[in-house]
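Reading through the structure tokens given below for one structure.
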Number of protein chains: 2
Amino acid sequence: MTVNMEKPYVVGMDIGGTNTVFGIVDSRGNVLVSDSVKTQQYDKIDEYVDAVCKKLLPLLQQVGGAERIKGMGVGAPNGNYYNGTIEFAPNLPWKGVIPLAAMFEEKLGIPTALTNDANAAAIGEMAYGAARGLKDFIMITLGTGVGSGIVINGQLVYGHDGFAGELGHVIVNPEGRACGCGRKGCLETYCSATGVARTAREFLVQRTGPSLLRNIPAEEIVSKDVYDAAVKGDKLAQDIFEYTGTILGTALANFIAFSSPEAIILFGGLAKSGDYIMKPVQKAMEENVLKIYEGKTKLLLSQLKDADAAVLGASALGWEVRDN
Amino acid sequence: MTVNMEKPYVVGMDIGGTNTVFGIVDSRGNVLVSDSVKTQQYDKIDEYVDAVCKKLLPLLQQVGGAERIKGMGVGAPNGNYYNGTIEFAPNLPWKGVIPLAAMFEEKLGIPTALTNDANAAAIGEMAYGAARGLKDFIMITLGTGVGSGIVINGQLVYGHDGFAGELGHVIVNPEGRACGCGRKGCLETYCSATGVARTAREFLVQRTGPSLLRNIPAEEIVSKDVYDAAVKGDKLAQDIFEYTGTILGTALANFIAFSSPEAIILFGGLAKSGDYIMKPVQKAMEENVLKIYEGKTKLLLSQLKDADAAVLGASALGWEVRDN
């Protein structure tokens, strides 16, 4: 990260299916000011960009204007770093290929880079979090889905087309659960928040024992309910985490054989379920890893502050933007 | 590859469990002279290094001496690029950690780099073969075992410890075949030459139909026999390749989700079984790959000449050696 005294800030923007959050960040990772818009309110991409800029411009004024900004980083689903485009994102209102980085550059006069949200998280972790000083690590984001950002030799892996690092869609069981991607048994069908809720519904049918989760209508169970029940000592809820963590840890052992990372960093809601998830992940990872990697790869939790994590992650990309 | 007119050659050396082959190579990938020693004849590493040097020095004289050599590249099982060491190689006579690159440097006065054989193959393919001009590809070597060399952004992936890229030990079936590494269901238990022979033995027991392979004592079947039978129209032999190729192609689809390579290059005996193996590999890869990668990753065969491939691959590393 190179800090230019005349341009001491970056803008970070996280585009989610529901909200778009953006803020101005300093070199220490403090989010100075931030705001948001509702992503789904804007069917047309032009109206969306206008709405964001309308709220972002006053923030920029507060820090001395756009000329004080080194760059803007955007994290978005299906974001392509090479082209600065969002491509065929199933959960966003705009179809096809959207040249979003160029649109913001034109409107704001700020050099803008864009990548997918998990890659942004990995860059944020390198700049401000648990990956400071690491050159080889894998970031796994456990949210509604499972995403990943892979860093090798200090550089994010984008692949030949800009879409590398979709470890949530590694198939862990060819006969497994149907995935939104159209295939079966992807890691994210088990190890995302929705995967945990799905496991809860399966376990409640397969098993007969008592569980606090039986007090909730099956279709309404979310992963937070499973966590709350586990904390209260609910055996079935704890077994759900054991099951989830074992699948994740086994997959991580395979990922290690690819890039032999110094650390794997877990990020997102599920990662905050503490030992309920971390213990089985660690155990399965150690039991399944190839001998030459044994005991070498650390399993870490993200150190990005929760409320700010998405904006921070994206903002870190703003430091890397080349000046035009 | 930078060619220095005063040092226009490199030495390539491939250390196998049976033979150690070495040769002098020019910048176009011609092996000018070569020789070999029997690896297993030397229990002591000093004697082995002496024996290699005794045969290598006359070759060096033929091209004008060691001062004409830019560098030496060594491909060896369990080779660690960072340290120039061979570490705990199960199939070599020398136990523990062997500082082989330093030993050769001292004996010959030639800067020496060392890596594992599959990484050497990947570098060779970049320098002289099917990967010329590619920046993102994965090399899969299908030999007695299954090895891999991963190139991202034009650089080989070594990982934080020098041992990245053991894709032959990705677990493709947790309940699967016992592997020499002590775990179960590794890719190489199915997709190596020994894996094919193992599948043959399994199929011959499970099925009752006729097969040319029934004329060979089960324990003596090797993958070449399966190929020969397939060529003669033997259905069971063809099914073995179908089975093998499907497992490999499915695994490759998962590898693509990691680094989104422009190409996957297959190398080694099995890759030469032509359409019998390539068709099911391609089919399974296409059927199992995530939609955003569809039709993007080429499946290629190695273009390194057979007899020279091992020496060529290792020699390519010699061009990258830093001058001391």
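If you're wondering where the values come from, they're calculated on a predicted model, not measured in any experiment.
Both the backbone and the side chain of B:Ile292 come within contact range of chain A, each with at least one heavy atom under 4.5 Å from a heavy atom of that chain. Contact annotation for A:Phe255: both backbone and side-chain heavy atoms come within less than 4.5 Å of a heavy atom of chain B. Heavy atoms closer than 4.5 Å to chain B are found in both the backbone and the side chain of A:Lys296. With a threshold of 4.5 angstrom between heavy atoms, A:Leu290 approaches chain B through its backbone and through its side chain. For a residue to count as touching a neighbouring chain, one of its non-hydrogen atoms must lie under 4.5 Å from one of that chain's; by this rule A:Asp136 touches chain B with the side chain only. Residue B:Ile138 touches chain A through its side chain alone, counting heavy-atom pairs closer than 4.5 Å.
Contact between A:Val151 and A:Lys135 at its shortest, heavy atoms only, is CG1-O, 3.5 Å. Minimum heavy-atom separation, B:Cys191 to B:Leu142: O-CD2, 3.5 Å. Here the closest heavy-atom approach between residue A:Phe137 and residue A:Met126 is recorded as CE2-CG, 3.3 Å. Taking each heavy atom of A:Cys179 and A:Thr189 in turn, the nearest pair found is CB-CG2, 3.4 Å.
Residues B:Thr141 and B:Val146 are not in side-chain contact: their nearest non-hydrogen atoms beyond the backbone lie 4.5 Å or more apart. The side-chain heavy atoms of A:Lys298 and A:Ile264, taken from C-beta on, include no pair separated by under 4.5 Å. Contact annotation: the side chain of B:Arg132 approaches that of B:Gln303 to within less than 4.5 Å [non-hydrogen atoms, C-beta and beyond]. Contact of the A:Trp319 side chain with the A:Leu317 side chain is not registered, since no non-hydrogen atoms from C-beta on lie closer than 4.5 Å. A heavy-atom distance below 4.5 Å is found between the side chains of A:Ile152 and A:Ile150.
A salt bridge is absent between A:Arg177 and A:Glu188; no separation between the charged side-chain nitrogens and carboxylate oxygens falls under 4.0 Å.
No side-chain N or O of B:Glu262 forms a donor-acceptor pair with one of B:Thr297 less than 3.5 Å apart.
Listed by sequence position, the residues of residues 83-100 of chain A in contact with chain B number zero, using a 4.5 angstrom heavy-atom cutoff. Among the residues in residues 280-289 of chain B, those with a non-hydrogen atom closer than 4.5 angstrom to a non-hydrogen atom of chain A are B:Asn288, B:Val289.
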For residues 162-176 of chain B, which side-chain donor-acceptor pairs fall under 3.5 Å, sequence neighbours excluded?
{"unit_1": "B:Asn173", "atom_1": "OD1", "unit_2": "B:Glu175", "atom_2": "N", "d": "3.0"}

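When A:Ala253, A:Ser148, A:Gly159, A:Gly182 are compared by the number of non-hydrogen pairs under 4.5 Å with chain B, A:Gly159 comes out ahead. Most heavy-atom pairs under 4.5 Å with chain A, from the set B:Ser260, B:Ala257, B:Cys186: that is B:Ser260. Among the candidates B:Arg183, B:His160, B:Lys184, B:Lys291, the residue making the largest number of heavy-atom pairs closer than 4.5 Å to chain A is B:His160.
No donor-acceptor pair closer than 3.5 Å links the side chain of B:Asn116 to the backbone N or O of B:Asn80.
Contacts of B:Gln155 classified as side-chain contact (heavy atoms from CB on, under 4.5 Å), with partners at least two apart in sequence or in another chain: A:Asn153.
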